[in-house]
There are 2 protein chains.
Amino acid sequence: MDNKTTITIYDVAREAGVSMATVSRVVNGNPNVKPSTRKKVSDVIDRLNYRPNAVARGLASKKTTTVGVIIPSVTNLFFSSLARGIDDIATMYKYNIILANSDENPEKEIAVFQTLLAKQVDGIIFMGYDVNDQIRAEIERSYTPVVFAGTATGNKGDFYSVNIDDESAVKDVALKLLDMGAKPAILTGPDHLLSNAERIKGYKAAYKEAGKEVNESLIMPTSHNYKSAPALVDELLAEKADSVIVTHDDMAAAVLNEVIIRGLKVPEEFQVIASHNSVMTELVRPQLTSIELPLYDIGAVAMRLLTKIMNSEEVDEKKVILPHKIKERGTTRF
Amino acid sequence: MDNKTTITIYDVAREAGVSMATVSRVVNGNPNVKPSTRKKVSDVIDRLNYRPNAVARGLASKKTTTVGVIIPSVTNLFFSSLARGIDDIATMYKYNIILANSDENPEKEIAVFQTLLAKQVDGIIFMGYDVNDQIRAEIERSYTPVVFAGTATGNKGDFYSVNIDDESAVKDVALKLLDMGAKPAILTGPDHLLSNAERIKGYKAAYKEAGKEVNESLIMPTSHNYKSAPALVDELLAEKADSVIVTHDDMAAAVLNEVIIRGLKVPEEFQVIASHNSVMTELVRPQLTSIELPLYDIGAVAMRLLTKIMNSEEVDEKKVILPHKIKERGTTRF
DNA sequence: GTGAAAGCGCTAACAA
DNA sequence: TTGTTAGCGCTTTCAC
């Protein structure tokens with residue numbers, strides 16, 4: 001029974017001697033079907049190798065059981081880890097994922113957002129480094145639920161979001177360094193992006209709590225291209241920093257290598273802290289001490305939250321903050 | 001004009017005083033529309049903020065402009081790099097991507113394949129380490145075009161595929177090692193998977209070409225968990241290997257570290273070659289010599305190929321092989 | 001427990 | 001150049 005012509009619910013109905021409505025019921029597990037007819041229909045479905053057309057179903061029911069996922073880039077391990085959590089939970093709840101790369105480009109972000117809406121996704125998970133006014137406006141005018149995952153939303157609007165507290169994560173490690181008398185610098189991405197701004201806030205808060213003056217030139221917002229590590233380390237050393245918190249693991253590894261090349265002993269003379277506890281931190285020598293984030297969980301919880309919203313279930317809190325830890329390894333003297 | 005009620009092509013038609021057909025024409029860029037009416041309709045579209053429903057369009061036209069992508073795991077940098085190439089080209093041709101993780105699990109592979117068909121994707125790109133008989137059967141009975149990307153297909157069926165020649169890539173580096181009198185081992189993933197089997201074939205071919213006997217215990221198919229590196233290096237050394245080709249970069253880095261811990265000088269006393277030239281190879285010390293693969297391109301070319309098939313365009317070759325290179329760094333004496 | 005029938009929002013002949 | 005009219009394959013009342 002393997003015809004080129006697509007076989008429809010109507011074919012099954014005819015073959016089974018019932019109406020399409022009945023076929024629809026058994027396909028959708030509706031209990032109001034006599035066991036015997038259910039069996040009869042099921043048999044025909046198997047025999048004809050019938051597969052419901054999800055597009056037609058989507059048009060009729062106004063639900064596509066697919067959610068859109070906007071990601072800066074799939075090749076970014078931070079976000080792809082979230083994506084993994086998202087997809088696992090999505091699969092669990094029978095949703096599929098339309099994945100769209102945004103390249104951290106505001107225009108692309110809103111373009112893919114619109115495409116996703118056109119495809120009638122039931123919900124959207126947004127990942128990025130920031131939420132600009134344009135995208136915020138798009139989200140607010142649409143009626144499709146959106147949850148932010150691993151994305152700093154600041155106080156820009158009343159969004160659903162799942163994230164860790166970047167500010168206090170940085171504050172925690174900075175304080176550890178400060179408490180042992182060190183003079184930590186911070187290396188982040190561009191500070192016009194919310195997520196980096198929050199980390200810098202945490203950095204400053206730590207200095208304040210330690211009762212020390214912040215040296216602004218120890219705050220180094222930059223691109224995350226690790227090729228620039230040599231120059232950055234020069235700056236770091238010129239400013240007499242003896243430790244650094246790096247918000248990107250590849251960069252942290254590159255910085256570590258540069259520091260060692262310059263003859264400094266790590267962690268005795270210089271300490272380095274990475275931020276995502278990626279494999280890189282374990283494979284580099286000495287192994288990098290790092291902030292440890294529940295990346296997979298952020299994605300998983302975000303997707304779970306989205307399913308609740310899509311089903312109009314009760315949601316306790318719109319913003320959920322997951323806990324972070326510190327993984328101590330060989331680049332600090334904790 | 002921001003109503004909760006979805007606005008349809010019919011609303012636009014009414015407001016603009018034309019038929020739905022005309023609206024459809026301007027939306028789809030059909031040239032057979034008088035410029036003045038086109039403008040009139042466009043204005044209404046803007047005013048009403050009308051967005052065509054892709055699901056309805058898909059049902060009516062039998063084209064969804066979305067392609068399915070089956071990937072072992074998004075967090076695997078090898079495959080996510082391909083995915084990036086796929087998505088970029090897909091976007092260029094106005095396709096969206098439904099991304100599905102398969103976990104290298106045969107059951108999941110066929111399950112997601114079926115789901116993708118149910119969603120009426122216009123084509124599918126399959127990535128994996130192997131193509132088993134089940135999935136092959138599924139593909140052959142379906143009429144949806146499938147292209148394999150970065151996946152060894154062997155001689156199992158007449159599929160479309162884009163890949164590099166794993167066999168000769170390994171052969172090339174093995175030969176380089178052999179030619180300088182070294183005794184290389186090979187560390188791959190499980191050899192029941194085609195991709196690993198091909199690499200082992202290349203390894204053996206190199207020995208043969210060098211006129212040397214292969215020592216089977218130098219062929220080490222194993223899991224790719226780098227935690228097992230210590231034990232593996234013990235074996236390597238027990239077998240008197242003085243160099244190793246590792247088909248997974250994290251593992252290569254772990255092996256490198258282990259070798260160094262044991263007091264061996266790299267590359268003087270022991271050489272290591274990685275396989276994907278990932279960032280890891282550059283951030284580890286000494287930097288890893290590696291096979292260099294055009295990952296992004298594999299994905300991009302595969303997607304381009306798929307667009308051709310979907311448009312019934314002429315395709316010159318069903319299997320395209322992209323060239324690989326060798327990136328020499330500090331872990332070899334080339 | 002089951003069927004009839006009206007859409008869902010759009011495309012694609014076919015007419016005009 | 002524009003409009004009319006069938007569907008696309010399914011869900012979903014509403015009857016029976």
Side-chain angles (χ1 to χ4, degrees), chain A residues 3-42 44-45 48-66 94 115 117-122 143, chain B residues 3-42 44-45 48-66 94 115 117-122 143:
Chain A
N3 276 325
K4 165 87 192 182
T5 49
T6 38
I7 108 109
T8 75
I9 198 173
Y10 183 76
D11 299 318
V12 177
R14 188 173 22 73
E15 285 287 314
V18 298
S19 72
M20 333 172 16
T22 299
V23 178
S24 177
R25 289 190 186 98
V26 348
V27 166
N28 293 299
N30 184 317
N32 292 346
V33 181
K34 194 167 28 157
S36 65
T37 46
R38 176 185 303 283
K39 166 132 183 47
K40 187 172 55 179
V41 172
S42 295
V44 175
I45 287 178
L48 299 189
N49 194 234
Y50 166 70
R51 212 194 321 274
N53 180 323
V55 173
R57 201 196 289 233
L59 182 58
S61 69
K62 294 178 169 303
K63 284 184 202 302
T64 54
T65 62
T66 107
K94 311 285 185 205
T115 308
L117 293 185
K119 296 255 170 164
Q120 312 299 120
V121 295
D122 297 336
Y143 290 92
Chain B
N3 276 325
K4 166 87 193 181
T5 50
T6 39
I7 108 106
T8 76
I9 198 173
Y10 182 75
D11 299 318
V12 176
R14 189 173 20 74
E15 285 287 313
V18 298
S19 72
M20 338 173 9
T22 298
V23 177
S24 176
R25 289 192 186 96
V26 347
V27 166
N28 293 299
N30 184 317
N32 292 346
V33 181
K34 192 167 28 157
S36 64
T37 45
R38 177 183 302 284
K39 165 129 184 46
K40 187 172 54 180
V41 172
S42 295
V44 175
I45 286 177
L48 263 33
N49 194 235
Y50 166 70
R51 213 194 320 275
N53 180 324
V55 173
R57 200 196 290 233
L59 183 58
S61 68
K62 294 179 169 303
K63 283 182 200 303
T64 54
T65 62
T66 106
K94 312 284 185 207
T115 309
L117 293 185
K119 296 256 170 163
Q120 313 297 120
V121 295
D122 297 336
Y143 290 92

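It should be emphasised that the depicted structure is a prediction, and the values quoted were computed from it without experimental measurement. All chains are named by letter (A, B, ...) in the order of the sequence lines, taking the proteins before the strands, and each is independently numbered beginning at 1.
- Across the protein-nucleic acid pair, A/Asn30 atom CG and C/dG3 atom P stand 13 Å apart, rounded to whole Å.
- Remark: B/Thr22 OG1 to B/Ile9 CD1 distance equals 9.5 Å, nearest 0.5 Å.
- Put simply, CZ on A/Arg51 and OG1 on B/Thr115 are 9.0 Å apart, with the number rounded to the nearest 0.5 Å.
- Listed by chain and number, the residues in a side-chain contact (heavy atoms from CB on, under 4.5 Å) with B/Lys34 are B/Ser36, B/Thr37 (sequence neighbours excluded).
- Taking the 5' to 3' direction, DNA chain D first and last meets chain B under 4.0 angstrom from a heavy atom at D/dT1 to D/dG9.
- In this structure, OH on A/Tyr10 lies 11.0 Å from OG on A/Ser19, to the nearest 0.5 angstrom.
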Go through it in stages, so that I can follow the logic: the residues are B/Leu59 and B/Val55, the test is side-chain contact (heavy atoms from CB on, under 4.5 Å), and I'd like the CA-CA distance, side-chain angles, deciding distance and then a yes or no.
CA-CA 6 Å; B/Leu59 183 58; B/Val55 173; 5.8 Å; no

Under a 4.0 Å heavy-atom criterion, the protein footprint on nucleotides 6-16 of chain C, written with B, S and -, is -BBBBBB----

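- Each end of the helix from C/dG1-D/dC16 to C/dA16-D/dT1 gets its own axis from five base pairs, and the two axes differ in direction by 30°, given to 10 degrees.
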>> Run B/Lys119 and A/Thr64 through side-chain hydrogen bond (donor to acceptor under 3.5 Å, both in side chains) and show every step you take.
In response: CA-CA 9 Å; B/Lys119 296 256 170 163; A/Thr64 54; 5.9 Å; no

Show every donor-acceptor pair shorter than 3.5 Å between a side-chain atom in residues 24-33 of chain B and any protein atom, with sequence neighbours excluded, or say none if there are none.
residue: B/Ser24; atom: OG; partner: B/Asn28; partner atom: ND2; Å: 3.3
residue: B/Asn28; atom: OD1; partner: B/Arg57; partner atom: NH1; Å: 2.9
residue: B/Asn28; atom: ND2; partner: B/Ser24; partner atom: O; Å: 2.8
residue: B/Asn30; atom: OD1; partner: B/Asn32; partner atom: N; Å: 2.8

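- Residues that satisfy the side-chain hydrogen bond (donor to acceptor under 3.5 Å, both in side chains) test with A/Arg14, not counting sequence neighbours, are A/Asp11.
- For A/Tyr50 against A/Ile7, the heavy-atom pair with the smallest separation is CD1-O, 3.5 Å.
- Residues A/Thr8 and A/Asn53 have side chains not in contact (no heavy-atom distance under 4.5 Å, counting atoms from C-beta outward).
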